[in-house]
Amino acid sequence: MVDEHRTAVVTGTTGGIGTEIGRELARQGFTVGMHGRDRARTEAVVQDVRRTTGNDRVHAFVGDLGKRSEVRALADAIAERFPSLNALIHNAAVVPHDRVVTDEGLEQGFAVNVLAPHRLNTWLRPSLVAGSARVVGFWGGGSDVLAVDDLQSERGAFDGWTCYCQTKNAVAALTLATAAAEDGPVQWFVTVPGLVNTPGMRNLPGRMIWFSRLLWWAMRSPAEGARTPVWLATAPELAGKSGEAYGNMLGSGWRNPLALPKTATDPEAGRRILERCAQLSA
Ligand SMILES: NC(=O)c1ccc[n+]([C@@H]2O[C@H](COP(=O)([O-])OP(=O)(O)OC[C@H]3O[C@@H](n4cnc5c(N)ncnc54)[C@H](OP(=O)(O)O)[C@@H]3O)[C@@H](O)[C@H]2O)c1
């Protein structure tokens with residue numbers, strides 16, 4: 001049990017921005033939980049972060065975010081080690097290429113990008129309250145698409161990029177709705193890390209791979225992409241704030257307020273997604 005240090009958990013740290021968020025928090029002296037879905041790769045990242053930061057209080061947590069039982073076990077393992085959690089950073093995400101359905105019959109992008117963060121928020125609630133945590137959800141994609149009555153992307157021909165954009169608007173709406181629904185000590189933020197050169201960006205589905213190749217030259221490094229989420233998790237000047245979005249896609253204003261699309265800021269959409277996720281997390 002660790003409670004004498006500032007504590008943070010970051011999901012999806014086996015590559016891209018998540019690795020660098022964990023590394024920077026470790027560098028700042030946090031006790032860090034680094035999550036991945038593969039034990040060997042997660043342990044390897046933890047060893048690398050320990051070696052490069054000199055911080056031994058970096059720990060591996062494993063679980064597939066598309067599987068309810070694994071998210072449950074992950075939440076239990078995190079709660080046991082961190083009865084008080086100061087930051088929970090929902091970095092992990094999938095950009096689906098095809099419509100894959102989980103054991104629970106849910107579309108995988110929705111399960112990993114939207115429902116898993118809600119389940120961790122719910123099942124880690126005592127730790128989050130005890131640590132007056134900052135919880136950071138990740139927006140992305142850039143399209144104003146969100147069909148609240150088709151969260152499983154069942155209608156029409158499946159398009160992986162559209163599905164991803166929908167999940168990102170949904171998780172932003174969910175985060176803002178969660179902030180609006182409570183008056184507690186937990187602070188809720190949405191971020192975009194920018195356009196970042198990561199394994200995920202190098203493997204976009206369909207036409208989007210060309211978009212990503214065209215913009216290669218302008219992309220941020222994963223360490224640069226980590227700046228806004230780390231700032232949201234740590235900045236003293238954000239004390240007392242909640243339900244706000246920060247970051248930008250390109251350029252220098254990575255602490256800028258972020259203008260989310262209409263669908264992501266629609267309170268009714270957020271309320272309905274929160275309600276649906278609550279049913280699925282019960
Ligand atoms: N890169 C960008 O330009 C950009 C732009 C806007 C927003 N974002 C957002 O920033 C965050 C990080 O993006 P990134 O580009 O660094 O992503 P990435 O390179 O694709 O890495 C995603 C991470 O999530 C993990 N993950 C995926 N599915 C999982 C599952 N079912 N269970 C557990 N872990 C899973 C991956 O694990 P594996 O290693 O096992 O695959 C990996 O560690 C995402 O939320 C993304 O939407 C990124």
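Throughout, residue positions are numbered sequentially from 1 according to the sequence presented. For clarity, every value in this text was computed on a predicted model and none was experimentally measured. Just follow the structure's listing: the first ligand is 1, and inside any ligand the first atom is 1.
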*By number and element, which atoms of ligand 1 are closer than 4.0 Å to a non-hydrogen atom of Gly194?*
2 (C), 3 (O), 4 (C), 5 (C), 6 (C)

_Students should be able to answer this: which protein heavy-atom is nearest to atom 12 (C) of ligand 1, and at what distance?_
Asn91 OD1, 3.0 Å

*Tell me: protein heavy atom nearest atom 16 (O) of ligand 1, and distance?*
Ile17 N, 3.0 Å

*asked:* Quick one about Arg202 and Asn197 (side-chain donor to acceptor, distance below 3.5 Å, no hydrogens or angles considered), yes or no?
replied: yes

*Which residue and non-hydrogen atom of the protein lie closest to atom 41 (O) of ligand 1, and at what distance in Å?*
Arg37 NH2, 2.8 Å

_Please evaluate residues Asn91 and Thr11 with respect to the criterion side-chain hydrogen bond (donor to acceptor under 3.5 Å, both in side chains), reporting the C-alpha separation (whole Å), side-chain torsions for both, the decisive distance (0.1 Å), and the verdict._
CA-CA 5 Å; Asn91 166 79; Thr11 64; 5.4 Å; no

*Distance filter under 4.0 Å to Tyr164 heavy atoms, resulting ligand 1 atoms*: 7 (C), 8 (N), 46 (C), 47 (O)

*Look at the side chain of Asn55 and the backbone N and O of Arg50, then say whether any donor-acceptor pair between them is shorter than 3.5 Å.*
no

*What is the closest protein heavy atom to atom 3 (O) of ligand 1, and at what distance does it sit?*
Val196 N, 2.7 Å

_Return the closest protein heavy atom for atom 8 (N) of ligand 1 as residue, atom name and distance._
Pro193 CG, 3.5 Å

*Could you list the atoms of ligand 1 found under 4.0 angstrom from a heavy atom of Met201?*
1 (N), 2 (C), 3 (O)

*Distance to 0.1 Å, residue and atom name: give those for the protein heavy atom nearest to atom 23 (C) of ligand 1.*
Gly12 O, 3.7 Å

*Numbering as shown, the atoms of ligand 1 that approach Gly63 to under 4.0 Å (heavy-atom distance)*: 32 (N), 33 (C)

*Is it true that the side chains of Trp188 and Glu182 contain a donor and an acceptor less than 3.5 Å apart?*
yes

*Arg23 and Thr53: CA distance, side-chain angles, deciding distance, side-chain hydrogen bond (donor to acceptor under 3.5 Å, both in side chains) verdict*: CA-CA 7 Å; Arg23 195 189 312 279; Thr53 63; over 6 Å; no

*Among protein heavy atoms, which lies nearest atom 17 (O) of ligand 1, and at what distance?*
Thr198 OG1, 4.3 Å

*Sub-4.0 Å atoms of ligand 1 with respect to non-hydrogen atoms of Trp139*: 6 (C), 7 (C)

*asked:* In this structure, does ligand 1 have an atom that sits under 4.0 Å from one of the heavy atoms of Arg220?
replied: no

*Is the closest heavy-atom distance from Arg41 to ligand 1 below 4.0 Å?*
yes

_Residues Glu244, Tyr246; criterion side-chain hydrogen bond (donor to acceptor under 3.5 Å, both in side chains); working and verdict_ = CA-CA 7 Å; Glu244 297 186 353; Tyr246 292 93; 2.4 Å; yes

*With respect to atom 43 (O) of ligand 1, which of Thr191, Val10, Thr14, Val95 exhibits the smallest heavy-atom separation?*
Thr14

*N/O donor-acceptor pair under 3.5 Å between His59 side chain and Gly33 backbone*: no

*Before giving the answer on side-chain hydrogen bond (donor to acceptor under 3.5 Å, both in side chains), spell out for Asn86 and His5 the whole-Å C-alpha distance, their side-chain angles and the decisive distance to 0.1 Å.*
CA-CA 9 Å; Asn86 303 128; His5 300 285; over 6 Å; no

_Do Glu24 and Trp231 pair up side chain to side chain, a donor and an acceptor below 3.5 Å, judged on atom types alone?_
no

_Counting only heavy atoms from other residues, nucleotides and ligands, does the tally under 6.0 Å from CG of Asp183 exceed 12?_
no

*Specify whether Phe82 and Phe61 have parallel, tilted or perpendicular ring planes, treating 30° as the upper limit for parallel and 60° as the lower limit for perpendicular.*
tilted

*With respect to atom 30 (C) of ligand 1, which of Val62, Asn203, Leu65, Leu204 exhibits the smallest heavy-atom separation?*
Leu65

_contact_flag Asp38 ligand 1 heavy-atom lt 4.0 Å_ = no

*asked:* Both conditions, 6.0 Å and 45 degrees, for the charged tip of Arg213 above the ring of Trp216: are they met here?
replied: no

*Indicate, as side chain, backbone, both or neither, the part of Gln108 found under 4.0 angstrom from ligand 1 when only non-hydrogen atoms are considered.*
neither

*Would you mind running through ligand 1 and noting each atom that sits below 4.0 Å from a heavy atom of Gly200?*
18 (P), 19 (O), 20 (O)

*Which atoms of ligand 1 sit under 4.0 Å from any heavy atom of His35?*
33 (C), 34 (N)

*So, does His97 use its side chain to make a donor-acceptor pair with the main chain of Gly160 at under 3.5 Å?*
no

*Does ligand 1 have an atom that lies less than 4.0 angstrom from a heavy atom of Gly66?*
yes

_With nothing but distance in play, are any N or O atoms of His90 less than 3.5 Å from an N or O of ligand 1?_
no

*Say whether Leu195 and Met208 are linked into one hydrophobic cluster, either directly or through other cluster members, by side-chain heavy-atom distances under 4.5 angstrom.*
yes

*Tell me: protein heavy atom nearest atom 22 (C) of ligand 1, and distance?*
Ala93 O, 3.7 Å

*Go through ligand 1 atom by atom and flag the ones less than 4.0 Å from a non-hydrogen atom of Asp64.*
30 (C), 31 (N), 32 (N)

